[in-house]
Enquirer: 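After the structure tokens below, expect a handful of questions from me.
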Amino acid sequence: MITSSRSPAGELSASAARHLLLHMTPNGSLGPEGEDLVVVQRGEGPYVHDADGRRYIDGLSGLYCCQLGYSYGPEFAEAADRQLRELCYSPLWTGSAHPTAIELAERLSRIAPVDIEHTFFCGGGAEAVETAWKIARRYHALNGQPGRTKAIARRGAYHGLTIGALSLTDDPGLTDPYGPPAIDTRFVSNTSRFGLAPQFADDTAFTAHLLAELEAEILAEGPETIAMLIAEPVQNRGGCITPPQGYWQGLRALADRYGFLLVADEVITAFGRVGEWFGGDRYGARPDMVTVAKGITAGYAPMGATLVSTKVAEVINRPGAVLNHGYTFAGHPLSAAIALRNLKIMERDRILDNVRGLQDDLANRMAALTDLRIVGDVRGAGFFHSCELVGDLEGGGFSDRARADLIVDLIPRRLREAGLLARVYNRSAPLVQIAPPLISDRALLDGIAAIVAGTLAEASARL
């Protein structure tokens, strides 16, 4: 009998290389043995362990999902067991519903932004975004405006990878391989100030500039052609980009003036990530629809949803109107039960209070990183921060060699060696991003900041 000398992680990595297609990954570059693949096997608290037993701080909450970390499994298992013993599946389809989805929809209406009273469930964030687009189109058609066929999104934004959501995503590397977009979308500036003229440091001036640009785009396209504008309260792609004061109020005013719907994409920012149930609440947002996923179940089950205002629901629910749209597993009883338990735990254990109490300390620790030569800007809110990196070229860019040595190799390797899983973007503006579990305490957040600081200090010394 032939025995293998590989470690457990090595066996799993090799099997993954042979059989598993990873997402957003150059799978062919992993090698036949799955080199450089982190195989996460178990979690506890804010930590995960790989298949060889190495422990890491989960500095990205999985993929912005695991708000509660990894130690609530028994409580969620109890909720799942109870639900599965009673009802394993029932669709929200053609006049059918089940109690757990009904309860969750009612529960969400109590914490949602003002005037948001209805929920359309789905499987994840991209599906929630596509649902918002379909609802917007249906809303305008029923109001006698079928010519509203265009969307507005922001430059650098990411709203999902399904073919409709991809149309709202501004990244040629993601969009170009799949041909013309399914949705006719125009892109306007996001709210990053890094590298802009000094006068835009003032919120009033910057907000006025952004809203004037947006209004000019609306008028150029024709207001009667715009169906919706979609934006994240804190834009993930581009590095935790926060809005200036008055920005979301201005978006609301333009939506009302020109008749399009305003959609807050809260797939990442909802459920405590920036210290509120919904990130838009922090910035005075009054959207017509809100898209959510990820934190709704704290990563313990898949789920997404589009939350819809009364104004919109009254139109699409007119007698005789049909919203011809749906998903087989939308509002699955298991996922709904997990989401309800998640909301209960978050309230009981005062998770939002934890974020609110520690967010300023984390922000100060991250802001101090701008003292490093390689750090051009630090942005974020709550437990959601990014460092934008600048390099060895005039204008802040990186030479090919510096990019390969630092962004591709040194920084992600040193972070992992120090026991931290964070996100390192290797794009035109390289970033290091953290989004730790919302249960993290001060010592852990300090530890994360220290690891990032030490890693970037080494990288700075090599520029």
Enquirer: Atom CG in Asn27, atom CG in Leu22: separation rounded to 0.5 Å?
Expert: 5.0 Å
Enquirer: Looking at residues at least two apart in the chain, or sitting in another chain, which of them share a side chain to side chain contact (heavy atoms under 4.5 Å, CB included) with Leu393?
Expert: Ser399
Enquirer: Taking all heavy atoms of Ser460 and all of Leu372, pick out the closest pair and write down the distance.
Expert: OG-CB, 3.8 Å
Enquirer: Would you say Tyr178 has more than 12 foreign heavy atoms packed within less than 6.0 Å of its OH?
Expert: no
Enquirer: Sorted by first residue and then second, give each side chain to side chain donor-acceptor pair (under 3.5 Å) pair with at least one member in residues 194-212; sequence neighbours left out.
Expert: Arg193-Asp203
Enquirer: Could you tell me whether the side chain of Thr100 reaches within less than 4.5 Å of the side chain of Leu104, counting heavy atoms only?
Expert: no
Enquirer: Could you check if a side-chain atom of Arg379 sits within less than 4.5 angstrom of a side-chain atom of Thr242, using non-hydrogen atoms only?
Expert: no
Enquirer: Do Thr185 and Leu168 come within less than 4.5 Å of each other through their side chains, counting heavy atoms only?
Expert: yes
Enquirer: Does a salt bridge link Arg155 with Glu217, judged by any charged N lying under 4.0 Å from a carboxylate O?
Expert: no
Enquirer: Return the set of residues passing side chain to side chain contact (heavy atoms under 4.5 Å, CB included) with Asn190 (not counting sequence neighbours), or none when no residue passes.
Expert: Arg154, Ser192, Gln235, Ile241
Enquirer: Tell me if a side-chain donor or acceptor on Ser61 pairs with a main-chain N or O of Ala435 at a distance below 3.5 Å.
Expert: yes
Enquirer: Which atoms form the tightest heavy-atom contact between Pro177 and Pro172, and what is the distance?
Expert: CD-O, 3.8 Å
Enquirer: Among residues two or more places apart or on two chains, list those pairs meeting salt bridge (charged side-chain N to carboxylate O under 4.0 Å, His left out) that have a residue in residues 287-301.
Expert: Arg252-Asp288, Asp288-Lys311
Enquirer: Taking salt bridge (charged side-chain N to carboxylate O under 4.0 Å, His left out) as the cut-off, I'd like each qualifying pair that reaches into residues 165-188, sequence neighbours left out, listed once.
Expert: Asp171-Arg237, Asp171-Arg427, Asp184-Arg186, Arg186-Glu221
Enquirer: So, applying ring pair (Phe, Tyr, Trp, His ring centres under 6.0 Å) with His332, which one of Phe121, Trp93, Tyr89 is it?
Expert: Tyr89
Enquirer: Do His385 side-chain atoms and Gly382 backbone N/O form a donor-acceptor pair below 3.5 Å?
Expert: yes
Enquirer: For Glu347, does the CD atom sit with more than 12 other heavy atoms under 6.0 Å from it, leaving out its own atoms?
Expert: yes
Enquirer: Leu421 vs Leu60, test: side-chain contact (heavy atoms from CB on, under 4.5 Å). Steps then yes/no.
Expert: CA-CA 7 Å; Leu421 298 182; Leu60 207 65; 5.8 Å; no
Enquirer: For residues Leu254 and Phe260, report the shortest heavy-atom separation together with the two atoms involved.
Expert: O-CE2, 3.6 Å
Enquirer: So, do Leu214 and Leu229 sit near enough that their side-chain heavy atoms are less than 4.5 Å apart?
Expert: yes
Enquirer: Can you tell me if Arg110 has over 12 outside heavy atoms packed within less than 6.0 Å of its CZ?
Expert: yes
Enquirer: Take Ile111 and Phe278 through the test side-chain contact (heavy atoms from CB on, under 4.5 Å) and record every step on the way to the result.
Expert: CA-CA 8 Å; Ile111 61 173; Phe278 292 85; 4.0 Å; yes
Enquirer: What is the minimum heavy-atom distance between Val290 and Pro113, and which atoms define it?
Expert: CG2-CG, 4.2 Å
Enquirer: Between Arg318 and Asn143, is there a side-chain heavy-atom distance shorter than 4.5 Å?
Expert: yes
Enquirer: When rounded to the nearest 0.5 angstrom, what is the spacing between NE2 in His118 and CD in Glu106?
Expert: 12.0 Å
Enquirer: Could you tell me whether a side-chain N or O of Asn354 sits under 3.5 Å from a main-chain N or O of Ser440, the two making a donor and an acceptor?
Expert: yes
Enquirer: Between Tyr327 and Phe120, does the side-chain contact (heavy atoms from CB on, under 4.5 Å) criterion hold? Intermediate values first, please.
Expert: CA-CA 10 Å; Tyr327 302 103; Phe120 188 102; 4.2 Å; yes
Enquirer: Output the distance between atom NE2 (His140) and atom OG1 (Thr225), rounded to the nearest 0.5 Å.
Expert: 10.0 Å
Enquirer: Evaluate the side-chain proximity of Val263 to Thr306: yes if any heavy-atom separation is below 4.5 Å, no if none is.
Expert: no
Enquirer: Does Ile439 reach the side chain of Ile351, with side-chain heavy atoms less than 4.5 Å apart?
Expert: yes
Enquirer: Please, which pairs that meet salt bridge (charged side-chain N to carboxylate O under 4.0 Å, His left out) have at least one residue in residues 264-281, sequence neighbours excluded?
Expert: Glu276-Arg356
Enquirer: Grab the two heavy atoms, one from Trp133 and one from Ala151, that are nearest each other, plus how far apart they are.
Expert: CZ3-CB, 3.8 Å
Enquirer: How about Asn342 and Tyr300: do any of their side-chain heavy atoms sit closer than 4.5 Å?
Expert: no
Enquirer: Decide if atom NE2 of His23 counts as having more than 12 heavy atoms of other residues, nucleotides or ligands within a radius under 6.0 Å.
Expert: no
Enquirer: Of all heavy-atom pairs between Pro146 and Arg137, which one has the smallest distance, and what is that distance?
Expert: O-NH1, 3.2 Å
